[in-house]
Amino acid sequence: MRKCRITVMRMARYDDLIEKYENPLEHPCCLQEGQVFITNGWCKPKGLCDSAWESMSSFVMALSYGAEDIYGGWMKNKRSVMISCNDGFRPVSFYIEALDEETE
C-alpha cells in the first residue's frame, strides 16, 4: 500500500452565503493554501478536517492500493486526482497523488 500526498491548492470563502445561512462556527476550516499532508495508506492524516476527509477518503484509498487514471485521462499524472471538500461555504481544492513510498 502506498502513501499519498494531499496538497491544499485553493481555498474559497462565500461570505454572503455564510451570513445568510450558516450559524456561527467556533472553529471553521483552518487549512492553508500550500499545506501538505502525507497519508499512511488511507488513514486520515492528523490536522485534516473530517469534512474534507469524507470527500476524499475513497480517492486516497484507491490511489493507496494502486489505482491509476481515475478520471479517465483528465489528469496529467495518472496517479493523482483533484477534488474539493463538500463545504459549500468554504470549499477547498486538494491535489492528491500516490507516492512511490510504501506505508509502514
Side-chain angles (χ1 to χ4, degrees):
M1 186 172 14
R2 298 178 183 143
K3 292 185 177 187
C4 290
R5 178 181 15 248
I6 301 167
T7 305
V8 178
M9 301 302 292
R10 181 102 13 110
M11 300 178 71
R13 182 180 168 97
Y14 303 118
D15 290 324
D16 59 329
L17 297 176
I18 291 169
E19 177 69 28
K20 188 171 183 177
Y21 298 109
E22 186 180 53
N23 288 321
L25 296 176
E26 189 172 324
H27 298 288
C29 184
C30 59
L31 299 174
Q32 298 176 5
E33 286 186 22
Q35 190 171 7
V36 174
F37 299 90
I38 303 295
T39 66
N40 186 13
W42 64 280
C43 297
K44 181 184 138 208
K46 185 176 181 174
L48 187 64
C49 72
D50 291 338
S51 179
W53 183 247
E54 288 174 15
S55 300
M56 72 175 73
S57 62
S58 61
F59 294 98
V60 170
M61 185 166 78
L63 291 169
S64 293
Y65 281 97
E68 293 187 355
D69 204 19
I70 292 174
Y71 291 147
W74 286 12
M75 301 297 291
K76 291 180 179 181
N77 175 356
K78 290 184 177 193
R79 294 172 47 197
S80 70
V81 294
M82 181 72 113
I83 68 103
S84 294
C85 73
N86 58 13
D87 182 342
F89 299 114
R90 288 168 296 279
V92 178
S93 295
F94 298 92
Y95 179 68
I96 306 166
E97 58 188 324
L99 302 174
D100 290 330
E101 186 177 347
E102 295 289 321
T103 61
E104 300 166 1

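All figures in this text were calculated on a predicted structure; none of them were measured in a lab.
- The distance from the CG atom of N40 to the OG atom of S64 is 9.0 Å, given to the nearest 0.5 Å.
- A heavy-atom distance below 4.5 Å is not found between the side chains of L25 and I18.
- With a 4.5 Å cut-off on side-chain heavy atoms, F37 and V60 do not count as touching.
- Tracing side-chain contacts under 4.5 Å through hydrophobic residues (I, L, V, M, F, W, Y), one never reaches L99 starting from Y95; they form parts of separate clusters.
- Summarising the geometry, atom SG belonging to C49 is positioned 7.5 Å from atom NZ belonging to K44; distances are rounded to the nearest 0.5 Å.
- For the pair R2 and E102, the minimum side-chain heavy-atom distance is below 4.5 Å.
- E33 approaches M11 most closely through the heavy-atom pair OE2-N, 3.2 Å.
- Sequence neighbours left out, the pairs with a member in residues 4-21 that pass side chain to side chain donor-acceptor pair (under 3.5 Å) are R5-E97, R13-D15.
- Here CD1 of I70 is found 12.5 Å from NZ of K78. Values are rounded to the nearest 0.5 Å.
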Stepwise side chain to side chain contact (heavy atoms under 4.5 Å, CB included) check, R90 with L31
CA-CA 10 Å; R90 288 168 296 279; L31 299 174; over 6 Å; no
Step-by-step side chain to side chain contact (heavy atoms under 4.5 Å, CB included) determination, T39 to L48:
CA-CA 10 Å; T39 66; L48 187 64; over 6 Å; no
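- Note that the OG atom of S80 and the CE atom of M75 stand 3.5 Å from one another [nearest 0.5 Å].
- In this structure, E22 contributes its side chain and L17 its backbone to no donor-acceptor pair below 3.5 Å.
- For E54, there are no salt bridge (charged side-chain N to carboxylate O under 4.0 Å, His left out) partners, not counting sequence neighbours.
- Residue D87 holds its CG atom at 5.5 Å from OG of S51, rounded to the nearest 0.5 Å.
- Y71 contributes atom OH, which lies 9.0 Å from atom CE of M82 (distance to the nearest 0.5 angstrom).
- When the side chains of ILVMFWY residues are joined at heavy-atom separations under 4.5 Å, either directly or via intervening members, W53 and F59 end up in a single hydrophobic cluster.
- A donor-acceptor contact shorter than 3.5 Å is absent between the side chain of S84 and the backbone of P91.
- Looking only at side-chain heavy atoms (C-beta outward), R79 and D100 come within less than 4.5 Å of each other.
- Under the 3.5 Å distance criterion, the side-chain polar atoms of S55 are matched with a main-chain donor or acceptor of N86.
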Stepwise side chain to side chain contact (heavy atoms under 4.5 Å, CB included) test for V8 and V92:
CA-CA 7 Å; V8 178; V92 178; 3.6 Å; yes
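- Across every non-hydrogen atom of G73 and D69, the tightest pair is N-OD1, 2.6 Å.
- The residue from V36, I96, I38 that alone fulfils the side chain to side chain contact (heavy atoms under 4.5 Å, CB included) condition with I6 is I96.
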